[in-house]
Amino acid sequence: MLKGKVAIVSGSTSGIGLGIAKVLASHGADIVLNGIGDAGEIETIRSGIEREHGVHALYDGADMSKGEAVRGLISATIEKLGRVDILVNNAGIQFTAPVEEFPAEKWDAILAINLSAAFHGIAAALPQMKKRGWGRIINIASAHGLVGSVHKVAYVAAKHGMVGLTKVVGLETAGTGITANAVCPGWVLTPLVEKQIADIAAREKISRQKAEMSLLGDKQPSRSFVTPEQLGGTVAFLCSPAADQITGTAISVDGAWTAQ
Ligand code: NAD
């Protein structure tokens, strides 16, 4: 389905981004991986994707907290692979604290990585998508793009911003063959959430398993984690012809979290 297309997935060295990159590769897209991590492990991931799916896979370590670096990731991809057809803005970080104790530098970092990076990437990628009359912008927001939770002021603000950004890009590209959508996952068991589970277990002096259940029970009525593979499937669907008219919207994959 995606043979001949080039997809950038920011923050794809682990978790959701890696799940999405693998599913897009399984549909034939060439992949640009991005993110932080051990060079040897990243090379194993990159070469594994090439071997398993018979596509080109490159790695670019651009720092998503820096607008110029994000724009550089787009231009380097165009230089090396000739195009960017699918841009998945997925890189993200988390920090929790009450608003009056929230460190200003954490606010700045979360806004830069979880929101501004998507703006810079979209702005740089759109012109060549418009020339070809096809493109897919997929912003990985969160249930926290639609509702709030205590102690996550920067994350919730950035993810709501991501949903707003998606609406405007959807409007500005409507009818051009380009679509822009946000995907809003509930809890997914990745390193970002592992830390929150460990924090609950330590704070409440309970086992890891009980902490997982407490995290899910609090928010996610299905009582099951969403998986990176399921999110990869959602992204692949948004890249399919069936989704040509789905644009400017937010799709929840959250076990009924935001239905409450
Ligand atoms: P993760 O920590 O496993 O992955 C985050 C990725 O972002 C990693 O590849 C990391 O290297 C990369 N990254 C972080 N800072 C970066 C930087 N400055 N430059 C480049 N890359 C950087 O987390 P995840 O859970 O897979 O999160 C992926 C996205 O999904 C995030 O935007 C997150 O907010 C969102 N999300 C996660 C959940 C969840 O429950 N895990 C739920 C909803 C939304």
Side-chain angles (χ1 to χ4, degrees), residues 8-23 31-39 41-42 45-46 59-74 87-96 105-106 108-118 120-121 138-149 152 154-163 165-166 182-200 212 215-216 218-220 222 224-232 234-235 250-255 257-258:
I8 297 177
V9 185
S10 74
S12 46
T13 51
S14 83
I16 295 170
L18 179 55
I20 293 170
K22 284 181 177 171
V23 173
I31 301 292
V32 178
L33 297 167
N34 160 261
I36 300 164
D38 174 78
E41 281 173 23
I42 293 172
I45 292 169
R46 189 204 64 75
Y59 166 70
D60 187 315
D63 180 352
M64 294 294 107
S65 70
K66 307 216 161 36
E68 281 312 306
V70 181
R71 288 172 189 262
L73 168 64
I74 306 294
L87 174 62
V88 183
N89 293 304
N90 165 79
I93 57 169
Q94 176 63 286
F95 185 84
T96 59
E105 66 274 15
K106 292 287 184 194
D108 289 344
I110 290 175
L111 267 286
I113 296 168
N114 296 22
L115 177 59
S116 300
H120 290 291
I138 297 160
N139 295 323
I140 305 304
S142 167
H144 285 120
L146 304 171
V147 296
S149 287
K152 294 189 174 174
Y155 189 86
V156 170
K159 295 298 188 180
H160 274 68
M162 197 74 144
V163 172
L165 168 71
T166 303
V183 174
C184 297
W187 292 124
V188 189
L189 199 51
T190 67
L192 186 137
V193 165
E194 297 274 6
K195 184 176 177 312
Q196 294 175 65
I197 291 168
D199 288 348
I200 293 172
E212 267 185 24
L215 184 97
L216 285 171
D218 220 20
K219 302 279 186 190
Q220 198 148 302
S222 68
S224 295
F225 287 102
V226 179
T227 67
E229 295 70 27
Q230 288 164 348
L231 293 166
T234 308
V235 169
I251 297 178
S252 290
V253 186
D254 69 1
W257 176 331
T258 54

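All residue numbers refer to positions in the sequence shown, counting from 1. Start at 1 and go down the list; that is how both ligands and their atoms are numbered.
Residue N114 has no N or O atom closer than 3.5 Å to an N or O atom of ligand 1. Residue V193 places no N or O, backbone or side chain, under 3.5 Å from any N or O of ligand 1.
For the pair S10 and ligand 1, no heavy-atom separation below 4.0 Å is found. Ligand 1 lies out of reach of A69, whose nearest heavy atom is not under 4.0 Å from it.
Set against the non-hydrogen atoms of A62, the atoms of ligand 1 under 4.0 Å away are 19 (N), 20 (C). Close approach to I113 involves these atoms of ligand 1, each under 4.0 Å from a residue heavy atom: 18 (N). Close contacts between ligand 1 and N34 involve ligand atoms 20 (C), 21 (N) [criterion: under 4.0 Å to a heavy atom].
In plain terms, the two heavy atoms of L189 and E194 that are nearest each other are CG-OE2, 4.0 Å. The shortest heavy-atom contact between V147 and T258 is CG2-CG2, 4.0 Å. In terms of heavy atoms, M64 sits closest to L73 at CE-CD2, 3.6 Å.
A donor atom on one side chain and an acceptor atom on the other are found under 3.5 Å apart for N139 and N89. A donor-acceptor pair shorter than 3.5 Å cannot be found between the side chains of S12 and K22. A donor and an acceptor atom, one from each side chain of K152 and Q196, are located under 3.5 Å apart.
At distances below 3.5 Å, not a single donor-acceptor pair connects side-chain atoms of W187 with backbone N or O atoms of Q220.
The aromatic rings of H144 and Y155 lie perpendicular to each other, with more than 60° between the two planes, well past the 30° mark.
Residues P228 and V188 have side chains in contact (heavy-atom distance under 4.5 Å, counting atoms from C-beta outward). The side-chain heavy atoms of N34 and T13, taken from C-beta on, include no pair separated by under 4.5 Å. When side chains are defined from C-beta on, T227 counts as touching Q230, because their heavy atoms get closer than 4.5 Å. Side-chain contact check for L18 versus I45: some heavy-atom pair is nearer than 4.5 Å.
Contacts between K159 and ligand 1, counted as non-hydrogen atom pairs separated by less than 4.0 Å, involve the side chain only. When non-hydrogen atoms are compared, ligand 1 lies under 4.0 Å from the backbone of S12 (N, CA, C, O) but not from its side chain. If you look at D63 next to ligand 1, the close heavy atoms, those under 4.0 Å, come from the backbone and the side chain alike.
More than 12 non-hydrogen atoms from other residues, nucleotides or ligands lie less than 6.0 angstrom from NZ of K219.
Of the candidates I16, N90, I110, L115, it is N90 that places a heavy atom closest to atom 29 (C) of ligand 1. Scanning W187, F225, Y155 for the heavy atom closest to atom 34 (O) of ligand 1 points to Y155. For the residues I36, I93, T13, the heavy atom positioned nearest atom 22 (C) of ligand 1 is part of I36. For atom 1 (P) of ligand 1, the nearest non-hydrogen atom from the set S14, P228, G15, G37 belongs to S14. Among P185, P191, G17, the residue whose heavy atom lies closest to atom 43 (C) of ligand 1 is P185.
Scanning the protein heavy atoms around atom 25 (O) of ligand 1, the nearest turns out to be T190 OG1, 2.4 Å. Of all protein heavy atoms, the one lying nearest to atom 23 (O) of ligand 1 is L192 CB, 3.4 Å. Ranking protein heavy atoms by distance to atom 44 (C) of ligand 1, first place goes to A141 O, 3.2 Å. Atom 20 (C) of ligand 1 has as its closest protein heavy atom M64 CG, 3.4 Å. From the protein, the heavy atom lying nearest to atom 5 (C) of ligand 1 is G92 O, 3.7 Å. Protein heavy atom at the shortest distance from atom 21 (N) of ligand 1 is G35 CA, 3.5 Å. Of all protein heavy atoms, the one closest to atom 40 (O) of ligand 1 is V188 N, 2.7 Å. Of all protein heavy atoms, the one lying nearest to atom 7 (O) of ligand 1 is G11 CA, 3.4 Å.
With I8 as reference, I74 is the one residue of V88, L33, I31, I74 to meet the side-chain contact (heavy atoms from CB on, under 4.5 Å) rule.
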